[in-house]
Amino acid sequence: MNTVDSIEARPSGAALGAEIVGVDLAQPLDDAAFARIVELFHRHEVAYFRDQRITPEQHVAFSRRLGELEVHVRQDCLRPGFPELFVVSNIIENGRPIGSQDAGQFWHSDLCYLREPSRASVFYALEVPQKDGKALGDTMFASATAAYDALADDIKARIENLRVVQSYAKGYYSVRRSGPRKPLTAAQQAKTPDIEHPLVRTHPYTGRKCLFVNEGYSARIAGLPQNESESLLAYLLEHATRPEFIYRHNWRPQDLLLWDNCSTQHKAVADYELPLRRHMERATLKGGVPH
Ligand code: OGA
Ligand code: MN
């Protein structure tokens, strides 16, 4: 276990996604083995390990080895004692949700509305809803590199130097199953102003071009008249999540999955309800300014 030569990727067959086998994250990982995992992750954009019996300490330590971690502003969703772990769950304990109940139910990438969006997220499945022997609550991932590559040349030329406005408020006010949210306070708004990013960004490690738009947070294209912005954005949003760019992950408890927030976007499938329980935990890597 955990020797570089035993580590292998089994590609999903979709545009992105691979299972990495030959790794036990509860055991030590030397630098060569770790570097191999990082290389496979960058190549496949979504990489997962099955059957990982890891503690929250090990989840945090592995994630931190990839880079510096974020602590989410929603304090009520952090795992007690582990501020680097953001809980995504529908479970209510003592009358209180243990985490975010409706995270990611639209297409998005994590923290894309910040000046420095997250580089990647490390997601661990603790409880997965099951019905009639089938796991529910899948997550869909779309490759932003495959989407970019498939654009027609004239569209590539047209969007090359455009910028997109990412808006936290747009995502915040969209429909959710936990019901309408309280308006953002002035202080919250001040922390998450709308921000412009390149519409086509370059991956910091692979150098590949990634289409940086998503349904959840992309509000408009900067500098274009409103009708042009609307029609171009609608085209790009539809294009970015075509079936041929998607890998859909069917979770098993003890999966640890890495997704790249530059080369992919994702969406949670909300097809389960209590009493079917879902409990996932996310470590979120800091990222740099998109270029
Ligand atoms: C997230 C997220 C999707 C899911 O935690 O960032 O989008 O399937 N989760 O829970
Ligand atoms: Mn997310």
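Quick note: numbers below take in every heavy atom, side chains included, and nothing from hydrogens, waters or symmetry partners. From a predicted model like this one, the values you see are computed outputs, not experimental measurements. As the structure lists them, so they are numbered: ligands from 1, and atoms in each ligand from 1.
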Near the Mn ion (ligand 2) (under 2.8 Å) - protein N, O or S atoms: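 Correct list: His108 NE2, Asp110 OD1, His266 NE2.
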Parallel, tilted or perpendicular: rings of Tyr247 and Tyr48 (30°, 60°):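 Ring orientation of Tyr48 relative to Tyr247: parallel.
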With under 30° as parallel and over 60° as perpendicular, where do the rings of Trp259 and His266 fit, or are they tilted in between?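 Because their plane-to-plane angle lies in the 30° to 60° range, the rings of Trp259 and His266 count as tilted.
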Among all protein heavy atoms in this structure, tell me which lies nearest to [atom], with the distance rounded to 0.1 Å.
atom: atom 2 (C) of ligand 1; value: His266 NE2, 3.6 Å
atom: atom 6 (O) of ligand 1; value: Arg282 NH1, 2.6 Å
atom: atom 8 (O) of ligand 1; value: Thr139 OG1, 2.6 Å
atom: atom 3 (C) of ligand 1; value: Ala268 CB, 3.7 Å

Quick check on contacts: which atoms of ligand 1 are under 4.0 angstrom from a heavy atom of [X]?
X: Val88; result: 5 (O), 10 (O)
X: Gly104; result: 7 (O)
X: Asp110; result: 6 (O)

Residues that Trp107 engages under ring pair (Phe, Tyr, Trp, His ring centres under 6.0 Å), provided they are two or more places apart: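 With neighbours one apart ignored, the set is empty.
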Taking 4.0 Å as the limit for heavy-atom contacts, which would you say applies to [X] with ligand 1: side chain only, backbone only, both, or neither?
X: Lys267; value: neither
X: Phe123; value: side chain
X: Arg278; value: side chain
X: Phe141; value: neither
X: His108; value: side chain

Residue of the set Ile37, Leu257, Ile54, Val21 for which side chain to side chain contact (heavy atoms under 4.5 Å, CB included) holds with Phe49: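 Looking at Ile37, Leu257, Ile54, Val21, the match for Phe49 under the side chain to side chain contact (heavy atoms under 4.5 Å, CB included) is Ile37.
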Test applied, side chain to side chain contact (heavy atoms under 4.5 Å, CB included); reference residue, Gln101; option that passes from Ile92, Val87, Val88: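 Of all the options given, the one that passes is Ile92.
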What about Phe82 and His59, are their ring centers closer than 6.0 Å?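 No; His59 has its ring centre 6.0 Å or more from that of Phe82.
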Given the ring of Phe123, does Arg282 sit roughly above its face, with NZ or CZ under 6.0 Å from the centre of the six-membered ring and within 45° of the axis?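 No, Arg282 and Phe123 do not form such a contact.
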Should the pair Lys156 and Tyr148 be classed as cation-pi, given the thresholds of under 6.0 Å to the six-membered ring centre and 45° from the axis?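 Yes, a cation-pi geometry holds between Lys156 and Tyr148.
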Salt bridge (charged side-chain N to carboxylate O under 4.0 Å, His left out) involving Lys191 - partner list, sequence neighbours excluded: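 For Lys191 there are no salt bridge (charged side-chain N to carboxylate O under 4.0 Å, His left out) partners, ignoring immediate neighbours.
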Partners passing salt bridge (charged side-chain N to carboxylate O under 4.0 Å, His left out) against Asp30 (at least two apart in sequence or in another chain):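 Result, salt bridge (charged side-chain N to carboxylate O under 4.0 Å, His left out) vs Asp30: none returned.
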Restricting to non-hydrogen atoms, name the atom on Ala26 and the atom on Gln52 that form the minimum distance, rounded to 0.1 Å.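 Result for this residue pair: N-OE1, 4.5 Å.
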